Amino acid sequence: KHPGWPSTLGPVRLHAGLLTLRPVRMRDGNTWSRLRISNQNELLPWEPTGVGQWERRHQASAWAPLHSVLKSEARRGVMLPYVIELDGRYVGQLTVGNIQRGAVLSAWIGYWVDREHTGRGIAQAAVALGVDHCFGPVGLHRLDATVQPDNVASQAVLKAIGFREEGLLKRYMDVNSRWRDHLLFAMTSDEVVGSAVDGLVRSGRALGR
Ligand code: ACO
């Protein structure tokens with residue numbers, strides 16, 4: 001029913017190791033909790049406002065209900081929730097959401113990487129795998145990414161893959177307790193030359209497959 005789910009994507013070879021995307025699992029709870037709590041300062045400025053304290057929202061017991069929502073949305077064909085693995089270790093997440101079929105064939109893409117592993121091309125490789133999968137087996141035509149103007153690292157990731165800036169969405173999302181402006185970046189399938197992963201390899205940002 002849901003083309004392209006559930007499958008593992010990659011690998012992409014980086015200096016840092018072998019990067020893959022694999023579906024979230026029920027047993028990710030402890031790692032998810034540990035990483036989300038240790039990355040609070042890095043994540044809080046960019047993520048949708050949640051109900052209650054960060055630590056409480058990210059205790060290991062919060063994973064089971066979240067995981068079951070992600071899994072059922074994935075089965076419905078609305079989401080693709082992945083864990084980013086480097087040499088088999090959980091180093092972040094990449095999520096494709098609001099998959100719309102019919103005449104738009106579009107979705108959004110979002111991601112985060114553990115601060116112990118940033119600056120090594122991990123997000124770029126993960127987004128490239130996600131883009132190739134969405135425009136390939138999933139059959140989408142357009143991907144959107146919304147990012148705050150001061151999130152320069154995330155904008156660098158999107159530009160490296162070939163996302164274009166399309167405009168400014170005023171007071172778009174409730175993030176860190178305020179309605180924050182976001183830049184809309186987007187890419188359509190016809191804009192990919194060969195594949196996004198090949199593009200990273202050509203530009204020296206990844207070593208190969
Ligand atoms: N100023 C300018 N460029 C920067 C800065 C900075 N302060 N910090 C990093 N960069 C650049 C790097 O140079 C690199 O670009 P380059 O290859 O052209 O040199 C790029 O940003 C980072 O690329 P990666 O190494 O692939 O990214 P990384 O694995 O470090 O992950 C990420 C980046 C995802 C933004 C990570 O820092 C993170 O998780 N941040 C917190 C959560 C977040 O902001 N998520 C994105 C929200 S927006 C969205 O999801 C669409």
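In listed order, ligands and their atoms are each counted from 1. What you see is a predicted model; the values in this text were computed from it and never measured. This chain uses plain numbering: 1 for the first residue, then up along the sequence.
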Minimum-distance protein heavy atom relative to [atom]:
atom	value
atom 48 (S) of ligand 1	Ser154 OG, 3.3 Å
atom 12 (C) of ligand 1	Ala156 CB, 4.7 Å
atom 9 (C) of ligand 1	Ala153 CB, 3.5 Å
atom 31 (O) of ligand 1	Ala123 CB, 3.3 Å
atom 45 (N) of ligand 1	Tyr111 O, 2.8 Å
atom 39 (O) of ligand 1	Val113 N, 2.8 Å
atom 15 (O) of ligand 1	Gln124 NE2, 3.5 Å

Heavy-atom nearest neighbour of [atom] within options [options]:
atom	options	value
atom 18 (O) of ligand 1	Arg205, His117, Gln148	Arg205
atom 51 (C) of ligand 1	Thr146, Thr118, Val157, Val147	Thr146
atom 2 (C) of ligand 1	Val127, Val152, Thr95	Val152

Would [X] count as a polar contact of ligand 1, with the cut-off being nitrogen or oxygen pairs under 3.5 Å?
X	result
Glu42	no
Gly121	yes
Gly119	yes
Asn151	yes

Parallel, tilted or perpendicular: rings of Tyr90 and Trp112 (30°, 60°):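 Taking Tyr90 first and then Trp112, their aromatic rings sit tilted (interplane angle of 30° to 60°).
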Ring geometry between Tyr172 and His182 (parallel below 30°, tilted from 30 to 60°, perpendicular above 60°):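 Plane angle over 60°, so perpendicular.
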Considering only heavy atoms of [X], which atoms of ligand 1 have at least one such atom less than 4.0 Å away?
X	answer
Trp46	41 (C), 42 (C), 43 (C), 44 (O)
Arg120	25 (O)
Gly110	50 (O)

Between [Y] and [X], is the closest basic N to carboxylate O distance under 4.0 Å?
X	Y	value
Glu191	Arg142	no
Asp174	Arg180	no
Glu166	Arg164	yes

Over 12 non-hydrogen atoms of neighbours within 6.0 angstrom of CZ in Arg89: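 Not buried by this count: 12 neighbours or fewer within 6.0 Å.
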Heavy atoms from other residues, nucleotides or ligands near CD of Glu55 exceed 12 (cutoff 6.0 Å):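 No, CD of Glu55 has 12 or fewer neighbouring heavy atoms, counting only those of other groups under 6.0 Å.
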Protein non-hydrogen atom below 4.0 angstrom of atom 37 (O) of ligand 1 present: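 Neighbour list for atom 37 (O) of ligand 1 includes protein heavy atoms (cut-off 4.0 Å).
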Under-4.0 Å heavy-atom contact between protein and atom 43 (C) of ligand 1: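 Neighbour list for atom 43 (C) of ligand 1 includes protein heavy atoms (cut-off 4.0 Å).
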Structural part of Lys159 in contact with ligand 1, heavy atom criterion under 4.0 angstrom: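 It is neither; nothing of Lys159 touches ligand 1.
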Mode of Trp112 contact toward ligand 1 - side chain, backbone, both, neither (heavy atoms, under 4.0 Å):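 Both backbone and side chain.
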Could you check whether any heavy atom of [X] sits closer than 4.0 Å to an atom of ligand 1, since that is the contact criterion I want to use?
X	result
Ile109	yes
Leu158	no
Ala160	no

side-chain contact (heavy atoms from CB on, under 4.5 Å) partner of Val192, chosen from Val197, Ile161, Val131, Asp198: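 Considering Val197, Ile161, Val131, Asp198, a side-chain contact (heavy atoms from CB on, under 4.5 Å) with Val192 is found only for Val131.
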Are the side chain of [X] and the backbone N or O of [Y] linked by a donor-acceptor pair below 3.5 Å?
X	Y	result
Trp46	Asn151	no
Ser33	Gly29	no
Arg22	Val83	no
Gln155	Pro149	yes

Tyr82 versus Thr20, side-chain donor and acceptor atoms under 3.5 Å: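 On atom types as modelled, these side chains do not qualify, holding no pair under 3.5 Å.
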Minimum heavy-atom distance between Asp28 and Arg25, given as atom pair plus value: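 Nearest pair, atom of Asp28 first, then Arg25: OD2-N, 2.6 Å.
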